[in-house]
Amino acid sequence: MSQRVAYYDVAPDGMKIMMDMEKYTKKSNINRAIRELIKIRVSQMNGCAFCIDMHTSDARKMGETEQRIYCLNAWNECTFYSLEEKVALELAEHITLIPTKRVPDALYKRVREYYDEKQYVDLVLIINQINSWNRISIAMGNTASEK
């Protein structure tokens, strides 16, 4: 499938808002590796091949290991993710599946053991941003292609 709509051309104001949020999340003090792990995991959950391809490539460029990339869908069973990474990934899963998982107080408290109030908000924004990108990419027909 080819891209359905040249959405940057059709809705430049809307896409500027998306890009401004992207700039904001990149400036947050959430570790870049954690940001990329979240983007990959959420994209896996949403089935967005375009974003999985993009963010695994970005993660590799920044030095992320193949093992950590390949095992993200089973992160909770692995010892090579830090507790800080695991709680961020758990939050990402809960927000992505918010209709069924919600964000219970116990999870919020675990997240706050590693992240301050501002970082919590930034994590929520990062998670929502990649969920939005996944939905845009899938709706617009973006696909991953062989390089």
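Below, all heavy atoms of this structure are taken into account, side chains as well, without hydrogens, waters or symmetry copies.
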Checklist entry - Residues in salt bridge (Lys or Arg N to Asp or Glu O under 4.0 Å) with Arg135, at least two apart? => result none
Checklist entry - Does the side chain of Asn29 come under 3.5 Å of the side chain of Asp122 through a donor N or O and an acceptor N or O? => result no
Next on the checklist: If you count heavy atoms of other groups shown closer than 6.0 angstrom to CD of Glu77, is the number above 12?
Outcome noted: no
Checklist entry - Would you say the side chains of Tyr7 and Asn142 form a donor-acceptor pair under 3.5 Å? => result yes
Checklist entry - Between Gln44 and Asn73, does any side-chain donor sit less than 3.5 Å from a side-chain acceptor? => result no
Checklist outcome for this item: Residues passing the side chain to side chain contact (heavy atoms under 4.5 Å, CB included) test with Met19, sequence neighbours excluded, are Tyr8, Trp133
Next on the checklist: So does Leu72 get a backbone contact from the side chain of Tyr81, meaning a donor-acceptor N/O pair under 3.5 Å?
Outcome noted: yes
Next on the checklist: Determine whether Asp105 and Lys109 satisfy the following criterion, salt bridge (charged side-chain N to carboxylate O under 4.0 Å, His left out), listing intermediate values before the conclusion.
Outcome noted: CA-CA 6 Å; Asp105 288 340; Lys109 289 175 186 171; 5.7 Å; no
Next on the checklist: Set out, in order, the CA-CA distance, both residues' side-chain angles and the distance that settles salt bridge (charged side-chain N to carboxylate O under 4.0 Å, His left out) for Lys39 and Asp58, then state yes or no.
Outcome noted: CA-CA 10 Å; Lys39 290 175 182 183; Asp58 290 348; over 6 Å; no
Next on the checklist: Tell me if a side-chain donor or acceptor on Asn128 pairs with a main-chain N or O of Val124 at a distance below 3.5 Å.
Outcome noted: yes
Item to check | Pairing residues for Glu117 by the side chain to side chain contact (heavy atoms under 4.5 Å, CB included) criterion, not counting sequence neighbours | outcome: Arg112
Next on the checklist: Checking the side chain of Arg41 only, and the main-chain atoms of Glu93 only, is there a donor and an acceptor separated by less than 3.5 Å?
Outcome noted: no
Item to check | Pair Glu64 + Arg68: basic N to acidic O under 4.0 Å | outcome: yes
Checklist entry - Measuring from Gln119:CD to Ser28:OG, what's the distance to the nearest 0.5 Å? => result 8.5 Å
